**Q** 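One structure, pasted below without further comment.
The structure presented is a predicted model; accordingly, all values stated were derived computationally and were not measured. Chain letters run A, B, ... following the sequence lines, proteins first, then strands; residues in each count from 1. Hydrogens, waters and symmetry mates are skipped; everything else that's a heavy atom, side chains included, is used.
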Protein chains: 2
Amino acid sequence: MNQPKTDPRIQRTRKLIMDSFMELSNIKEFKEITITDIAAEAMINRATFYYHFEDIYDLLEKVLSEVLLVNLNCSNYPHNELTEEAITSIFVAITNFQKSLSNRCHRGYEDTIARIIREQLEIIFYQLLSPQQHSEKDEGLRIMAIILSSGMYGASVDWMRNSHKITPEEFIELAIPHLLPAHHIGSPDN
Amino acid sequence: MNQPKTDPRIQRTRKLIMDSFMELSNIKEFKEITITDIAAEAMINRATFYYHFEDIYDLLEKVLSEVLLVNLNCSNYPHNELTEEAITSIFVAITNFQKSLSNRCHRGYEDTIARIIREQLEIIFYQLLSPQQHSEKDEGLRIMAIILSSGMYGASVDWMRNSHKITPEEFIELAIPHLLPAHHIGSPDN
DNA sequence: TTGAATATGTCGCTTATACAACACATCGAA
DNA sequence: TTCGATGTGTTGTATAAGCGACATATTCAA
């Protein structure tokens with residue numbers, strides 16, 4: 001929740017690097033972006049890059065995670081509950097994220113991107129599934145989170161490929177009756 | 001001409017501080033801006049401010065100098081010569097600068113601002129008056145530069161107060177015939 | 001295939017920035 | 001006046017960032 005405050009120098013430099021990477025992504029293919037490029041664009045020393053990231057794949061991973069998280073956090077789910085609303089807004093966030101990616105030529109890294117999306121979704125679904133402040137791990141909920149994250153991601157891929165005629169909201173709402181048992185919908189007794 | 005490259009950290013931090021100060025100037029009076037404010041806005045430590053500037057007056061001075069220099073360098077005078085063109089564009093730069101200041105409430109520091117403008121102008125006029133690459137100091141030219149800088153500044157103040165009906169170009173061109181001996185106008189033999 | 005050019009990681013040392021603490025000044029309200 | 005709150009400069013120490021150098025890839029053209 002509240003980390004012990006990260007050094008502002010680290011915040012600044014990480015932002016500089018990430019922004020420069022996204023900027024370069026608009027110009028070049030991912031494969032053509034070098035760490036030397038990024039350091040030059042960010043006006044930082046190349047060695048400093050390695051202080052923050054393992055390598056360029058680590059950077060890609062963290063940039064994507066962050067962009068995705070920004071999308072997801074826009075909708076602040078109430079009371080950590082997995083409602084129809086929460087599912088819909090998560091699905092919209094995923095499709096938005098994927099649409100924004102398709103503009104930024106990351107061709108050839110679909111599987112990396114897919115893995116990152118699923119990992120982030122898994123974390124979020126696990127939180128939504130867990131009872132309040134329940135910090136002990138529950139293997140059943142973890143597996144359920146995996147199923148939901150993979151399922152949502154697969155659905156988003158399908159929507160991207162085939163179903164541009166209907167909105168993501170309409171698309172996912174077609175599935176919700178089958179996904180959530182009827183008596184769970186609408187936060188039953190609380 | 002080409003300094004041995006200043007540390008990029010210094011460039012970044014100085015820019016952060018200066019930009020934050022200008023940003024705050026749009027919101028508050030100069031008197032109400034504290035160093036604590038600036039540090040917070042720039043997301044730097046307050047102690048770091050003192051690594052770059054003596055105090056808030058030093059900052060004001062350097063910010064104004066820089067803004068003024070940007071205005072002045074827009075018109076890149078040919079061959080370091082004090083022509084009618086050069087005088088006109090310098091005068092326009094001064095009035096532009098003063099107009100931009102009047103939007104940014106610096107009331108109560110007119111004399112400080114006036115001194116800074118005159119100092120910068122003196123440097124520029126001295127360069128324009130000096131023969132090419134002539135690095136030895138000439139007291140006569142220095143005094144002439146003082147006269148020109150004070151004179152131009154005074155003229156700009158007068159224009160600000162009274163003569164908004166005519167453009168700065170028209171204003172200063174009225175004086176040029178009297179200012180420059182006729183045979184000097186128009187870069188005589190070159 | 002070779003060789004030159006460029007990119008990647010890493011290291012040691014220097015410098016800039018963060019942070020907490022301090023003494024002092026200023027200011028406004030009790 | 002006195003006190004509390006806030007701002008100013010300064011200092012000592014920890015850490016992030018800069019910089020040059022190095023060994024090792026990778027690329028690409030001869």
**Q** Evaluate the side-chain contact (heavy atoms from CB on, under 4.5 Å) criterion for residues D138(B) and Y126(B): first the C-alpha distance (whole Å), next the side-chain angles of each, then the deciding distance (0.1 Å), finally the verdict.
**A** CA-CA 9 Å; D138(B) 180 324; Y126(B) 188 78; 4.2 Å; yes
**Q** How many whole angstroms separate atom CD of Q11(A) from atom C1' of dT15(D)?
**A**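 That distance rounds to 15 Å.
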**Q** Which residue lies toward the 5' end of DNA chain D, I35(B) or T13(A), if each is placed at its nearest nucleotide?
**A**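 Looking at DNA chain D, the more 5' nearest nucleotide goes with I35(B).
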**Q** Going by an N to O cut-off under 4.0 Å, is there a salt bridge joining K62(B) and E66(B)?
**A**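 No, K62(B) and E66(B) are not salt-bridged.
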**Q** Angle between ring planes, F21(B) versus F30(B), binned at 30° and 60°: parallel, tilted or perpendicular?
**A**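 Rings of F21(B) and F30(B): perpendicular, over 60°.
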**Q** Send over the distance from D7(B) CG to dG18(D) P, rounded to a whole Å.
**A**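 Between P of dG18(D) and CG of D7(B): 7 Å.
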**Q** Can you tell me the distance, in whole Å, between the CG atom of D37(A) and the P atom of dT6(C)?
**A**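 From D37(A) CG to dT6(C) P: 13 Å.
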**Q** For dT8(D), does OP1 or OP2 lie under 4.0 Å from any side-chain N or O of T36(B)?
**A**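 Yes, such a contact exists.
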**Q** Nearest whole angstrom, please: distance from the P of dG12(C) to the OH of Y50(A).
**A**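 Rounded to whole Å, this separation is 18 Å.
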**Q** Once you round it to whole Å, what is the distance between P of dT8(C) and CD of E54(A)?
**A**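 Taking CD of E54(A) and P of dT8(C), I get 15 Å after rounding.
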**Q** On DNA chain C, nearest-nucleotide positions of I33(A) versus R12(A): which is more 5'?
**A**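 Checking each residue's closest nucleotide, the 5'-ward one belongs to I33(A).
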**Q** Let's test your reading of the model: under 3.5 Å, does the base of dT17(C) pair with the side chain of R9(A) as donor and acceptor?
**A**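 Side chain to base: pair found, below 3.5 Å.
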**Q** State which of dT8(C), dG18(D), dG9(C) makes the closest approach to the side chain of D55(A).
**A**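 The nucleotide sitting nearest to the side chain is dG9(C).
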**Q** Between R46(A) and Y51(B), which has a closest nucleotide on DNA chain C that is more 5'?
**A**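 Nearer the 5' end of the strand: R46(A).
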**Q** Please determine, by modelled atom types, if S156(B) and Q98(B) share a side-chain donor-acceptor pair under 3.5 angstrom.
**A**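 Checked: S156(B)/Q98(B) side chains pair up, N/O donor to acceptor below 3.5 Å.
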**Q** When all nucleic acid strands are considered with a 4.0 Å heavy-atom cut-off, which category describes I56(B): base, sugar-phosphate, or nothing?
**A**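 No contact.
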**Q** When the distance from CZ of R14(A) to C1' of dA17(D) is rounded to whole Å, what number comes out?
**A**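 The distance from CZ of R14(A) to C1' of dA17(D) comes to 15 Å, rounded to the nearest Å.
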**Q** Starting at CG of N45(A) and ending at C1' of dA21(D), how long is that distance when rounded to a whole Å?
**A**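 Going from CG in N45(A) over to C1' in dA21(D) covers 12 Å.
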